[in-house]
Amino acid sequence: MRWWDIDPVLELERDLFPEDAWSRGMFWSELAHSRGPEATRRYVVAEEDGRLFGYAGLAASGTASDGGFAAVGDVQTIAVRREQWGTGLGARLLAELLRAATAFECAEVLLECRVDNVRAQKLYERFGFEAIGFRRGYYQPGNIDALVMRLNDPSTSVNGVQGTEING
């Protein structure tokens, strides 16, 4: 994802997450940490013929060499246009984030998912994520609980996932 992707990303963000959409400033802040040798973020978009169909982002904290603590990845967001649901685009975006987590040397990847988003939960389970807990009232203003999921060793979960070109 680059700065020129922010407007179409915001449009999709507001369509899919009207109550708790990220702001322009939140995306700018994430992109500020996604470039250069000290990058701790990876944001990607899926587009065809200039039209955005989805986007996703991962944050990494720590490094494998930080005093014995392994790096941890956190899926920040995944979004796919409704007309693309069921096409495998979400899986391709997730696979790209797991490749990034592997490049960041993350030993595990965490994410939060709305408890009522069964479609997303099934996607994450296909990649090996397991439920490890809940965050009560995590999604505001709707006061919706989040299911916390974890994947150990993301490098083992991306084999064989191919398809649409994903751009960083």
Side-chain angles (χ1 to χ4, degrees), residues 1 9 12-13 15-17 19-22 26-27 30-31 33-34 39-46 52-66 68-140 142-168:
M1 183 185 298
V9 163
L12 181 54
E13 176 82 4
D15 178 52
L16 295 175
F17 313 112
E19 291 185 356
D20 57 356
W22 283 23
M26 291 171 76
F27 281 107
E30 290 296 292
L31 288 181
H33 298 283
S34 68
T40 58
R41 306 288 193 274
R42 174 79 169 134
Y43 277 78
V44 295
V45 296
L52 181 97
F53 287 101
Y55 60 90
L58 175 99
S61 59
T63 66
S65 61
D66 278 349
F69 295 101
V72 175
D74 192 343
V75 174
Q76 301 292 292
T77 188
I78 295 182
V80 173
R81 284 198 184 279
R82 285 183 177 90
E83 66 263 25
Q84 293 292 312
W85 289 0
T87 66
L89 180 56
R92 292 189 297 276
L93 288 164
L94 181 57
E96 185 64 28
L97 295 185
L98 296 178
R99 285 184 195 97
T102 300
F104 283 129
E105 299 180 341
C106 295
E108 65 181 11
V109 175
L110 300 170
L111 61 82
E112 291 87 15
C113 179
R114 288 175 60 114
V115 294
D116 58 356
N117 191 345
V118 176
R119 176 187 297 273
Q121 291 170 32
K122 290 188 180 306
L123 168 66
Y124 301 138
E125 288 169 355
R126 282 196 342 250
F127 277 79
F129 281 85
E130 296 178 341
I132 60 168
F134 293 93
R135 296 189 196 278
R136 302 284 178 213
Y138 183 79
Y139 293 99
Q140 295 297 325
N143 202 36
I144 307 296
D145 295 342
L147 177 66
V148 181
M149 302 181 82
R150 177 178 57 211
L151 172 67
N152 290 312
D153 193 4
S155 68
T156 63
S157 297
V158 293
N159 297 330
V161 177
Q162 300 175 356
T164 295
E165 181 177 342
I166 307 293
N167 300 302

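- To the nearest 0.5 Å, atom CG of residue Leu98 and atom CG of residue Leu93 are 11.0 Å apart.
- Arg99 is not listed as a side-chain neighbour of Arg42, based on a closest heavy-atom distance of 4.5 Å or more.
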Step-by-step side-chain contact (heavy atoms from CB on, under 4.5 Å) determination, Leu123 to Phe129: CA-CA 9 Å; Leu123 168 66; Phe129 281 85; over 6 Å; no

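- The pair Glu125-Lys122 fails the salt-bridge criterion, with no side-chain N (NZ, NE, NH1 or NH2) lying under 4.0 Å from an Asp/Glu carboxylate O.
- Annotation for Val115 and Gln121: closest pair O-NE2, 3.1 Å, computed over non-hydrogen atoms.
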Would Ile78 and Tyr124 count as a side-chain contact (heavy atoms from CB on, under 4.5 Å) if you check the C-alpha gap in whole Å, the side-chain angles of each, and the deciding distance to 0.1 Å? CA-CA 11 Å; Ile78 295 182; Tyr124 301 138; 4.0 Å; yes

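- Applying the salt bridge (Lys or Arg N to Asp or Glu O under 4.0 Å) rule to Glu83 yields the partners Arg51; only residues at least two apart in sequence or on another chain are considered.
- Rounding to the nearest 0.5 Å places CG of Leu111 at 10.0 Å from CG of Leu58.
- Contact annotation: the side chain of Asn152 approaches that of Arg150 to within less than 4.5 Å [non-hydrogen atoms, C-beta and beyond].
- The side-chain contact (heavy atoms from CB on, under 4.5 Å) search around Gln84 returns Phe53, Val80, Arg81, Thr87, Leu89, not counting sequence neighbours.
- Across all their heavy atoms, Ala91 and Phe127 have their closest contact at O-CZ, 3.5 Å.
- Take Asp15 and apply the salt bridge (Lys or Arg N to Asp or Glu O under 4.0 Å) test, not counting sequence neighbours, and it matches Arg82.
- Shortest non-hydrogen contact noted between Ser34 and Ala39 is C-CB, 3.7 Å.
- Listed here is the closest heavy atom pair of Val109 and Ala101: CG2-CB, 3.6 Å.
- Taking Ala146 as the reference, Glu112, Arg135, Tyr138, Tyr139 meet the side-chain contact (heavy atoms from CB on, under 4.5 Å) condition, with sequence neighbours excluded.
- Remark: Phe27 engages Met1, Ile6, Val9, Leu10, Glu13, Trp22, Tyr55 in a side-chain contact (heavy atoms from CB on, under 4.5 Å) (not counting sequence neighbours).
- Residues satisfying the side-chain contact (heavy atoms from CB on, under 4.5 Å) criterion with Asn117, sequence neighbours excluded, are Cys113, Arg114, Arg119, Ala120.
- Here Leu97 contributes atom CG and Thr77 contributes atom OG1; the two are 9.5 Å apart, rounded to the nearest 0.5 Å.
- Here the options are His33, Glu30, Gln76, the test is side chain to side chain donor-acceptor pair (under 3.5 Å), and the partner is Tyr43; only Glu30 passes.
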